[in-house]
Each structure stands twice: as structure tokens, then as C-alpha cells.
Amino acid sequence: KSMVRQAASALGIQFYELLGLTGTRFVGDRFEAFQRLLNMWPAFLTAYGNCLNDQSCTKIKPKVQGLLNKFQSYRRLCLTCTYLDVLDEIRPASKVFEGNGLLAYEIKPTTDLTLVELEDCMNDAGSDKEFLDSHLCHFRLKKDDLGVNTLFRIC
């Protein structure tokens, strides 16, 4: 954790405690938690890579290597971004349903609007619009001369 904090500081990334990734039922809380995870993705890559090169981390190297493999997986990054995209679409409906003053006449229009938004996402699958509206557009892969892919955040 301290190495991730240092890597975030060195990269100019806000460090966040990752709370609520799986423990909350509220979509807004889960959305913010995964957004923070995505924001800190480069810090995890840097910290775990540094830890593997650090001789003082010998006891935790297998665990760190496993975590690094997960964060290096472009597929996992894409799935995380897709999950965030879906959470982003259902978040407005969730806010309506989380409120204490929910009225019966609000349920059907809120549900219908959410279904339309999700259908629009499915219809945009594979298009430029899908990518430009996705959280994934904040990341790029760069291949160096040796053919090694490096992930970096662009905003």
C-alpha cells in the first residue's frame, strides 16, 4: 500500500483508499470506487513493478506478481471500463430508487429511461461513439521497439 501511495505521488495521481468495490449495494458508491481504481491503475502497475525489483519484498513477490499480471491485462482493463460504463448508465435510476421519497409514478419512467440508455449502449457497440463515451478512452497502449506494450493514462 505504501509503495502504491509513493507511485501515485510520483506519477501525480491522487491516491485513494479503495473502499466499496464489492461491499456496497449503492451504484453511486460502487461507481466512485471503480473510478478511483481506474484512476490509480498506472500507480498499481508502477508500484508492483518496483516491488518485484526490490530485494526487501521477497516474501510477497508471488502475490505481487499475480496482482501485476492482473493489472497488466488489457482485457481486465477493458472489462473494468465496461463495468464502469454500465454503472454510469444505471446510476441516475439508482439515485431515484435510493431516495426516501420514491413515489409510485416515478418507477416506470425511470426504469424505461434506463432501459433505453442501455439499449443505446448495445446499439453503439463497436462504433467510434462507444469508444469515445467509454472510460477506456482515457488509456492508450504504446508498443516500444522490442514489442512490449505499455499502458498509460492520457487524462
Roughly how far apart are L113 CG and E89 CD, rounded to 0.5 Å? 9.5 Å
Holding to side chain to side chain donor-acceptor pair (under 3.5 Å), I want the full list of residues that pass it with K1, two or more places apart in sequence or in another chain. E17
Considering all heavy atoms of both residues, which atom of Y16 and which atom of M40 are nearest to each other, and what is their separation? N-SD, 3.0 Å
Nearest-0.5 Å distance that lies between atom CG in D88 and atom CD in E117: 10.0 Å
Transitive ILVMFWY side-chain link F34 to L79, under 4.5 Å: no
Can you tell me how far CG of D85 sits from CZ of F31, rounded to the nearest 0.5 angstrom? 8.5 Å
Rounded to the nearest 0.5 Å, what separation is found between the CZ atom of R75 and the OG1 atom of T80? 10.5 Å
Honestly curious: do I90 and L115 fall in one hydrophobic cluster under the side-chain, below-4.5 Å linking rule? no
All heavy atoms of A43 vs all of A7, minimum pair found to be O-CB, 3.5 Å
Full working for side-chain contact (heavy atoms from CB on, under 4.5 Å) between L77 and S73: CA-CA 7 Å; L77 175 65; S73 166; over 6 Å; no
In terms of hydrophobic clustering (I, L, V, M, F, W, Y; side-chain heavy atoms under 4.5 Å; direct or indirect links), are L52 and M3 co-clustered? no
What's the shortest heavy-atom distance between F71 and W41, and which atoms? O-NE1, 2.9 Å
CA sep, side-chain torsions, deciding dist, call: F44, L37, side-chain contact (heavy atoms from CB on, under 4.5 Å): CA-CA 9 Å; F44 285 114; L37 171 69; 3.9 Å; yes
Hey, could you give me each pair passing side-chain hydrogen bond (donor to acceptor under 3.5 Å, both in side chains) that has a residue in residues 60-70? Not counting sequence neighbours. Q65-N69
S9 side-chain N/O to R5 backbone N/O, donor-acceptor pair under 3.5 Å: no
Show your working on side-chain contact (heavy atoms from CB on, under 4.5 Å) between N39 and Q35 and close with a plain yes or no. CA-CA 6 Å; N39 182 60; Q35 201 170 33; over 6 Å; no
Once side chain to side chain donor-acceptor pair (under 3.5 Å) is applied, do any residues pair with S94, and if so which ones, sequence neighbours excluded? E98
For the student: nearest non-hydrogen atoms of L45 and L68, plus distance: O-CD1, 3.8 Å
Mind checking the CZ-CZ spacing from F26 to R91? Nearest 0.5 Å is all I need. 15.0 Å
Please lay out, stage by stage, how T46 and V4 fare under the test side-chain contact (heavy atoms from CB on, under 4.5 Å). CA-CA 8 Å; T46 303; V4 174; over 6 Å; no
